Amino acid sequence: MSDEIQLPALYLKRGEDTRLRAGHLWVFSNEVDVQRSPLGGFEPGQACVIADSRDKPIGVGYVNPNSLICARLVSRGIEHALDRSLLVHRLKVALALRERLYEEPWYRLVFGESDGLPGLTIDRFGDVLVAQTTTAGMERLKDAITEAALKVLKPRQLWWKNDASIRSMENLPAYADLGYGEAVAAPLIVREAGLEFECDPVGGQKTGWFYDQRGNRDHLRALVKGKRVLDMFSYLGGWGIRAAAFGASEVVCVDASQSAVDAIGRNAQRNGFGDRVSAVRADAFDYLKALREQRERFDVVILDPPAFVKRKKDLAEGRIAYRRLNELGMQVLERDGILITCSCSYHMPRASLLDGVQQAARHLDRQAQLLVDLQQGPDHPVHPAIAETDYLKGFVLRVLPA
């Protein structure tokens, strides 16, 4: 191993460097040559050089000996340490893309592996950042991340929303707190398409807002004018309130969370749609069944549920849940209606989701026409070598009598 490497080396078995050299950033524990570099010799989150079986360094990364994904590559070559300087560079590169894409500073600023920072997510809300680390390596770099963010973006506040269940896979504790700035009682505001929504960076879902669907919500413009719209799993009303802004005559938003339902009411009033947007607290499946029994019909039904397939072994059960949900959605659609259906489950293949929609349509003796394929927005760029970064899929469909 070269003398210029100052970090401990994690050696791969023969032939196990192929995927990394093809662009992937993950090392699995069974790919490590534990005779030469025992995983137990590393601390969780420790920086290392990842090297192939011929002692050639691939790059610098970090290790977690307690995780199935036991290392992640952060920088190719060995010129750059995992420090504030590298983080500043990566944040500037990420920022340059978002500033080309968006006129206002509301977007996902860092999307993990796709932005060269595996284990880190940062959402930007004007002068407030909400960050999340999901790996021990990024958790160790929290102070450096804060310093880099302050240098590049000069935020008023930085919140750590570190309560994602995925952190348990790295034996990390769950917490949410203010990392920089002064806590203020006023709600955090996100701007989208000229509308304002209040959200909660600490108590809300994920990092407070679902930027990944912003571009998909733009499709409502051509579909909802003068129409009756049902927005299931509404969260803060992103889909429903935007439908109202595009001229929907009536919007019903449904969510299982009372705090979300209360926020939908406030967001509808804030944007001047309190007379056309109503919010209901209910279980989605139960509510759709009740609507069916009452023979209620909507022109547009939006189904944007949380992930039904969080692990690969849940796929069979998840497929059934998605099909059942889409069938219930179609049962409350007008004869010539629009169904917008999504899945944020990485393990749910796009083709399987569409197949479930088609099966549901045929079971109801209806015909579906696929109008638009949906995917995550460009502030969640897909890494071509890492299939896991391509997680959001959905469809805009017209559903007709057979």
Side-chain angles (χ1 to χ4, degrees), residues 25 45 62 72 74-75 82-167 170 172 174-181 183 188-192 197 199-215 344 376-383 386 388-389 391-392:
L25 304 179
Y62 56 75
R72 284 172 166 85
V74 181
S75 180
L82 298 190
D83 58 11
R84 194 188 83 146
S85 175
L86 176 66
L87 291 164
V88 165
H89 173 67
R90 293 283 159 85
L91 288 182
K92 285 181 176 177
V93 172
L95 179 63
L97 171 65
R98 279 72 181 180
E99 288 186 335
R100 287 170 71 181
L101 293 170
Y102 304 108
E103 293 178 359
E104 295 184 304
W106 278 271
Y107 40 68
R108 174 147 293 182
L109 173 66
V110 172
F111 182 49
E113 281 78 356
S114 296
D115 285 301
L117 292 169
L120 179 65
T121 298
I122 303 177
D123 279 353
R124 187 177 187 186
F125 299 86
D127 59 0
V128 176
L129 301 179
V130 181
Q132 185 174 81
T133 58
T134 54
T135 60
M138 279 297 161
E139 185 83 358
R140 270 197 177 203
L141 290 168
K142 261 179 62 179
D143 290 346
I145 293 165
T146 301
E147 290 170 14
L150 292 178
K151 180 175 173 64
V152 176
L153 293 143
K154 300 178 174 59
R156 174 173 57 86
Q157 290 178 332
L158 185 150
W159 292 90
W160 290 105
K161 186 70 162 66
N162 282 337
D163 57 0
S165 59
I166 195 171
R167 283 171 58 89
E170 297 249 339
L172 296 171
Y175 64 91
D177 61 22
L178 187 62
Y180 172 80
L188 184 62
I189 299 300
V190 58
R191 288 176 58 84
E192 180 173 311
F197 301 83
C199 56
D200 182 351
V202 174
Q205 296 177 28
K206 304 291 185 180
T207 46
W209 185 251
F210 292 95
Y211 281 125
D212 53 1
Q213 290 279 25
R214 169 177 25 201
C344 59
Q376 65 219 50
D379 53 348
H380 295 63
V382 173
H383 191 309
I386 305 177
E388 291 82 357
T389 61
Y391 67 96
L392 183 66

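Just so it is clear, the model here is predicted, and its values are computed rather than measured.
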Which atoms form the tightest heavy-atom contact between Leu97 and Pro378, and what is the distance? CD2-O, 3.9 Å
How about CG on Asp143, more than 12 heavy atoms from neighbouring residues, nucleotides or ligands closer than 6.0 Å, or not? no
Could you measure the distance from the CZ atom of Phe210 to the CD atom of Gln376? Nearest 0.5 Å is fine. 13.5 Å
Run the side-chain contact (heavy atoms from CB on, under 4.5 Å) check on Trp160 and Thr146 step by step: do they pass? CA-CA 10 Å; Trp160 290 105; Thr146 301; 3.5 Å; yes
Taking the side chain as C-beta and beyond, is there a heavy-atom pair between Arg90 and Ser75 under 4.5 Å? yes
Give the minimum heavy-atom separation between Val202 and Asp200, together with the two atoms involved. N-OD1, 2.9 Å
List the steps, then state whether side-chain contact (heavy atoms from CB on, under 4.5 Å) holds for Met138 with Arg72. CA-CA 10 Å; Met138 279 297 161; Arg72 284 172 166 85; over 6 Å; no
I'd like to check Pro118 versus Val74 (side-chain heavy atoms, cut-off strictly below 4.5 Å). Are they in contact? yes
Test side-chain contact (heavy atoms from CB on, under 4.5 Å) on Asp177 and Trp159; report intermediate values, then the result. CA-CA 6 Å; Asp177 61 22; Trp159 292 90; 5.8 Å; no
For the pair Gln157 (side chain) and Gly181 (backbone), establish whether a donor and an acceptor sit closer than 3.5 Å, ignoring hydrogens and angles. no
Using only atom types and a distance under 3.5 Å, with no angle test, would you say the side chain of Gln132 pairs donor to acceptor with the backbone of Lys161? yes
Please step through side-chain contact (heavy atoms from CB on, under 4.5 Å) for the pair Tyr391 and His380, ending with a clear verdict. CA-CA 10 Å; Tyr391 67 96; His380 295 63; 3.3 Å; yes
Where do Arg98 and Pro381 come nearest, in terms of heavy atoms and distance? NH2-CD, 3.6 Å
The reported gap from CG in Leu101 to CD in Glu99 (rounded to nearest 0.5 angstrom) is 10.5 Å
Taking Asp115 for its side chain and Leu117 for its backbone only, find out whether a donor-acceptor pair lies under 3.5 Å. no
Between the CZ atom in Arg84 and the NE2 atom in His89, the distance rounded to the nearest 0.5 Å is 15.0 Å
On a heavy-atom basis, the closest approach of Leu178 and Ala183 is CD2-N, 3.3 Å
So which atom in Thr389 and which in Ile386 form the shortest heavy-atom distance, rounded to 0.1 Å? OG1-O, 2.8 Å
Can you confirm whether Leu150 sits close enough to Pro155 that some side-chain heavy atom of one is under 4.5 Å from a side-chain heavy atom of the other? yes
Are a donor atom and an acceptor atom from the side chains of Asp379 and Tyr211 found within less than 3.5 Å of each other? no
Please test Trp209 against Phe197 for ring pair (Phe, Tyr, Trp, His ring centres under 6.0 Å), starting from the C-alpha separation and ending with a verdict. CA-CA 9 Å; Trp209 185 251; Phe197 301 83; 4.7 Å; yes
Pairs of donor and acceptor atoms involving the side chains of residues 120-131, under 3.5 Å and at least two apart or interchain, shall be tabulated with distances.
{"residue": "Asp123", "atom": "OD1", "partner": "Arg108", "partner atom": "NE", "Å": "2.7"}
{"residue": "Asp123", "atom": "OD1", "partner": "Arg108", "partner atom": "NH2", "Å": "3.4"}
{"residue": "Asp123", "atom": "OD2", "partner": "Arg108", "partner atom": "NH2", "Å": "3.2"}
{"residue": "Asp123", "atom": "OD2", "partner": "Thr207", "partner atom": "OG1", "Å": "2.4"}
{"residue": "Arg124", "atom": "NE", "partner": "Gly126", "partner atom": "O", "Å": "3.2"}
{"residue": "Arg124", "atom": "NH1", "partner": "Tyr107", "partner atom": "OH", "Å": "2.6"}
{"residue": "Asp127", "atom": "OD1", "partner": "Arg156", "partner atom": "NE", "Å": "3.4"}
{"residue": "Asp127", "atom": "OD1", "partner": "Arg156", "partner atom": "NH2", "Å": "3.4"}
{"residue": "Asp127", "atom": "OD2", "partner": "Arg156", "partner atom": "NE", "Å": "3.1"}

Are any of the side-chain nitrogens in Arg191 or Glu104 under 4.0 Å away from the carboxylate oxygens of its partner? yes
Close side-chain approach of Leu82 to Tyr62, heavy-atom, < 4.5 Å: yes
Is a side-chain donor or acceptor of Arg167 paired with a backbone partner of Thr133 at a separation under 3.5 angstrom? yes
Would you call Arg214 and Asp212 a salt bridge, using N to O less than 4.0 angstrom? no
Considering non-hydrogen atoms only, spot the tightest contact between Ile145 and Leu87 and give its length. N-CD1, 3.7 Å
With side chains defined as the heavy atoms from C-beta onward, is the minimum distance between Leu95 and Leu109 less than 4.5 Å? yes
